[in-house]
Amino acid sequence: MKVKTGKFCKAMSKKLFVLAGAVLALYSVSCTKQEMIPVDETPAHAAEAAVMLSATAAVPESSRVALAEEATGLKSSWEVGDRIFGFKSDGTPFDFEVQSVDPSSGAATLAQIGSTTFTPGETIFAIYATGKTSADLAGTKCSFDLSLQDQDTPPVVMSCSASVAAGPSVCFTFQNELSIVGVKDPMFSGALSEGKLVRKLVLSGQKIVSSFSLSLSGGELVAEYDAPKNFILRDVRITPVESGGNLTFAEPVYIAVVPSGTIAKFTLQDNKGNFYEYALNKAPEKGKYYRLKDKTLNTVTLPEVSGIEAGSVAWSKSNLGTDKPANMGYVFRWSDCKHLYDYASDPKWAEGYESTGFLPEAGQCYCTDPLGNSEKGTYSKYLEPGLVLDPVDDIVQLTYPCSGWRMPTVEEFKALYALKDDSGFTYTYGDALSPNIGIKFKNNSTNAEVYLRANQTLFSSGTTSAINIGRYWTSSSTTANDKSYAAQYARIVVSSKKTTGEMRFDIAVRHSGYSVRPVKPVS
């Protein structure tokens with residue numbers, strides 16, 4: 001990193017020199033003759049004072065962006081009193097305070113707090129975080145709780161490394177560590193009727209966190225994040241105002257996004273169990289602040305309960321991506337967060353996948369090597385049998401965050417299939433369902449039904465399967481033949497003569513395209 005010097009560094013050096021001289025003069029006057037120290041026998045503490053660091057801080061890197069969401073810089077100017085702290089490569093802490101800010105350039109002149117000494121040529125590591133000082137360091141590590149809210153400003157964490165120049169002097173150039181999404185004053189356009197209350201707010205997506213830390217590793221500052229969560233939940237209590245008006249949270253809701261993370265949308269739930277959502281049109285970028293203000297939320301249609309319970313869960317009437325029981329809906333790769341094919345009405349590829357189809361993608365949790373995706377060790381998660389998809393990888397939970405709906409396990413599919421032998425149910429398949437081929441479970445006393453379609457499913461190659469076979473992903477992992485496919489599915493098979501119909505279970509490479517049927521725990 002190039003070190004910038006200028007009038008701020010020189011001015012600071014001059015001030016420190018004059019101050020050191022004045023202190024020495026006062027010291028001499030206050031001593032008796034016997035206590036006077038010869039000029040060539042300067043004490044150690046005086047030598048330290050003479051080499052204290054002259055420091056400045058450049059204007060923070062701009063983080064203003066132009067998107068549909070209102071966005072402003074996380075930290076774009078210094079203020080007198082701002083604290084900058086950090087540590088040397090040997091772990092010695094230091095603190096500075098902004099003493100003055102140049103009105104034309106915006107650069108800050110810093111005053112050192114304490115007596116830490118610095119040597120020209122050494123690398124030091126600086127941090128700015130609202131309200132923190134070196135007292136918050138644990139050795140060379142500083143932790144940040146991003147769930148703490150502030151009424152007016154989002155949480156800010158900036159860092160940099162810098163090389164000490166002759167003088168000694170240094171200039172810090174900070175960059176924001178995270179992107180922040182702040183939510184305030186959403187619009188409902190009359191969606192919330194009289195008697196309703198906003199109960200909770202959820203931001204959902206990939207790799208959104210509530211805490212992280214900065215520490216020294218390998219000669220540089222390294223960020224470590226808490227386990228990524230698929231959604232961050234905040235409890236709020238808001239009585240709706242007049243129809244079409246704004247709602248104001250008691251305090252803003254801020255969510256931190258790691259550099260490789262995304263936020264898909266935010267969702268509100270009222271006290272009647274209704275959900276409303278607003279989808280972001282672009283993934284947040286590192287170091288940006290997205291303020292979602294006055295955004296209109298749309299009503300969310302949750303899956304319809306079929307009335308059939310099996311495996312301690314209630315089964316939905318239809319597949320994810322459709323509200324029609326006989327429709328295939330959306331087709332997904334296992335553990336993926338977006339559909340690649342749509343059977344809902346006019347069958348077609350999702351935008352961007354017309355040519356690539358269901359090929360594996362590096363960087364996803366199910367594949368690290370697209371050229372060898374079936375070999376053990378090329379996946380980054382779920383390499384053991386008996387695991388269940390984390391919420392962050394469950395497409396149903398990402399679609400309906402905090403609603404209770406999720407993907408079913410393989411055991412829950414087996415419990416559903418066991419209803420065929422229950423005297424209280426009628427099990428139907430084949431010709432009885434013509435022209436829609438599949439299997440159906442009907443409760444004889446309530447007439448509630450669950451129908452699983454058996455035709456039109458996509459293989460990993462993107463080709464359509466035989467007309468009498470349908471596949472549904474489970475959330476369960478497995479291993480077989482010393483290869484970690486780690487994806488189990490339920491296979492609906494109807495004989496070519498349509499005289500038999502059954503559910504079987506198998507494994508597949510994770511980038512195969514299968515349907516998803518939502519379930520929710522029985523409350």
Side-chain angles (χ1 to χ4, degrees), residues 8 12 15-16 19-20 23 44-45 48-58 60 74-101 107-119 122-164 168-178 180 209-226 251 254 256 258 287:
F8 306 104
M12 189 64 192
K15 290 178 182 177
L16 289 175
L19 178 61
V23 170
H45 69 82
E48 290 178 359
V51 294
M52 289 177 66
L53 192 63
S54 173
T56 62
L74 283 174
K75 181 73 174 177
S76 57
S77 62
W78 295 109
E79 297 179 3
V80 173
D82 283 344
R83 290 288 291 269
I84 292 171
F85 66 98
F87 43 83
K88 300 169 49 171
S89 56
D90 63 0
T92 303
F94 60 78
D95 284 270
F96 289 90
E97 184 173 271
V98 175
Q99 188 176 46
S100 63
V101 180
T109 298
L110 310 180
Q112 185 176 346
I113 300 173
S115 58
T116 301
T117 59
F118 300 87
T119 303
E122 71 176 328
T123 300
I124 59 178
F125 305 89
I127 300 170
Y128 171 83
T130 308
K132 285 187 176 288
T133 68
S134 64
D136 296 290
L137 290 170
T140 60
K141 183 175 183 178
C142 191
S143 299
F144 308 92
D145 183 356
L146 303 171
S147 66
L148 300 177
Q149 304 294 302
D150 184 88
Q151 181 66 28
D152 300 314
T153 59
V156 177
V157 180
M158 301 192 300
S159 68
C160 71
S161 60
S163 179
V164 177
S169 66
V170 71
C171 288
F172 297 118
T173 302
F174 287 91
Q175 291 184 335
N176 290 306
E177 282 292 332
L178 300 167
I180 301 292
V209 301
S210 59
S211 65
F212 87 112
S213 64
L214 286 173
S215 59
L216 184 62
S217 177
E220 60 182 13
L221 281 177
V222 176
E224 297 179 351
Y225 307 99
D226 64 352
E251 59 185 15
Y254 298 118
V258 305

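Owing to the predicted nature of the structure, the values given are computational and were not obtained by experimental measurement. Worth knowing before you read on, the calculation uses all heavy atoms, side chains too, and leaves out hydrogens, waters and symmetry mates. Start at 1 with the first residue, then count along the sequence.
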Any side-chain heavy atom of [X] sitting closer than 4.5 Å to one from [Y]?
X    : Y    : result
C160 : T173 : no
F172 : L110 : yes
I124 : L53  : yes
F144 : E177 : no
N176 : V156 : yes
R83  : D95  : yes

Closest non-hydrogen atom pair, [X] against [Y]:
X    : Y    : result
S213 : K141 : OG-CE, 3.3 Å
I127 : C142 : CD1-CB, 4.2 Å
L216 : S89  : CD2-O, 3.7 Å
S134 : P93  : CB-CB, 3.9 Å
A126 : L221 : O-CD1, 4.1 Å
G131 : D136 : O-OD2, 4.3 Å

Does anything in residues 122-131 pair up under salt bridge (charged side-chain N to carboxylate O under 4.0 Å, His left out), and if so which pairs, sequence neighbours excluded?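 Those involving residues 122-131 are K88-E122.
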Ring pair (Phe, Tyr, Trp, His ring centres under 6.0 Å) with F94: which of F87, F118, F125?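 Looking at F87, F118, F125, the match for F94 under the ring pair (Phe, Tyr, Trp, His ring centres under 6.0 Å) is F118.
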side-chain hydrogen bond (donor to acceptor under 3.5 Å, both in side chains) with T140: which residues, sequence neighbours excluded?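 If we apply the side-chain hydrogen bond (donor to acceptor under 3.5 Å, both in side chains) test to T140, skipping adjacent residues, there are no hits.
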Please list, chain by chain and in numerical order, all residues satisfying side-chain hydrogen bond (donor to acceptor under 3.5 Å, both in side chains) with S211, sequence neighbours excluded.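 S211 satisfies side-chain hydrogen bond (donor to acceptor under 3.5 Å, both in side chains) with D226 only.
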Hey, could you give me the CE/OG1 distance between M158 and T130, rounded to the nearest 0.5 Å?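 Taking CE in M158 and OG1 in T130, the distance rounds to 8.5 Å.
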Once you measure the plane-to-plane angle for Y128 and W78, does it fall in the parallel (<30°), tilted (30-60°) or perpendicular (>60°) bin?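 Perpendicular.
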